[in-house]
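Notes follow the structure.
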Amino acid sequence: MAAVTSEPPNPAPSNPALELLLNRRSCHRLTAPGPSDEELALILRAARRVPDFGHLQPYRFLAARGDGLDRLGQAMHRAAEAAGKPAEIIERTPRMPHRAPLVIVVAASPRPHQTIPVFDQQLCAASTVLTMQLAARALGYGGVWRSGWLMYDPGFHRELGLAEQEQIVGFLYLGTPARPEEPAPEPVDPLAPLCWL
Ligand SMILES: Cc1cc2nc3c(=O)[nH]c(=O)nc-3n(C[C@H](O)[C@H](O)[C@H](O)COP(=O)(O)O)c2cc1C
């Protein structure tokens, strides 16, 4: 018979970096304030530490806050009209960026390279989204990584002035959580995705 112990099965790690990784949650309800300029600079510094084959920095961050959220919403609205989206989608696009005080559109911006594939560079850019979400959480902010049809819409790409080879890999919404963060679910079997070869 197993010894009875008062220890929980998965004790909370005392290591703050592991705590951040094990307990990360997305936060869909965000409010002001968003990160300050100094905090945003830290978040971007963290983003620029993602693994980056060849140190090509194959990403661009298009950020919106304040009036910029209106401009982003208008760009989404024009793209929705141009794409012939249903009326209810067209109607809600101007408000979409206002779900957070800071929205960062992350675009993969692959550099021409003889040996480093475009996909590697897109993965690098995508890594910045999670890294920024984590850095923001470490600073006390919530965030959510969103996608959706606009990510792939050529008209919206034109609205943002993206080049042909650039691809949006995420919309990162950041702000102050409007309600307490849900606890991260305990994995039933943390080793389940693992397969030894
Ligand atoms: C590439 C990518 C795109 C996503 N797009 C959306 C989205 O458009 N809308 C959404 O609600 N969640 C989206 N998610 C999922 C959320 O970011 C989040 O992971 C999910 O709500 C689960 O919450 P959790 O991160 O707390 O487990 C996306 C995640 C990834 C990786």
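Values in this document were obtained by computation on a predicted structure and should not be read as measured data. Just follow the structure's listing: the first ligand is 1, and inside any ligand the first atom is 1.
Arg111 and Gln121 are not linked by any side-chain donor-acceptor pair at a separation below 3.5 angstrom, with hydrogens and angles left out of the test. At a cut-off of 3.5 Å, with distance as the only test, no side-chain donor of Gln167 or Tyr152 sits close to an acceptor on the other residue.
Protein residues having a heavy atom under 4.0 Å from any atom of ligand 1 are Arg24, Arg25, Ser26, His28, Val144, Trp145, Arg146, Ser147, listed by chain and number.
When all heavy atoms of Pro33 and Thr176 are compared, the closest pair comes out as O-OG1, 2.5 Å.
Here the straight-line distance linking atom CD of Glu159 with atom CZ of Arg71 works out to 13.0 Å at 0.5 Å rounding.
Applying the side-chain hydrogen bond (donor to acceptor under 3.5 Å, both in side chains) test to pairs two or more places apart or on separate chains, those with a residue in residues 93-103 are Asp70-His98, Glu91-Arg95, Arg99-Tyr173.
Cluster membership for Leu139 and Leu44, using ILVMFWY side-chain heavy atoms within less than 4.5 angstrom, is shared.
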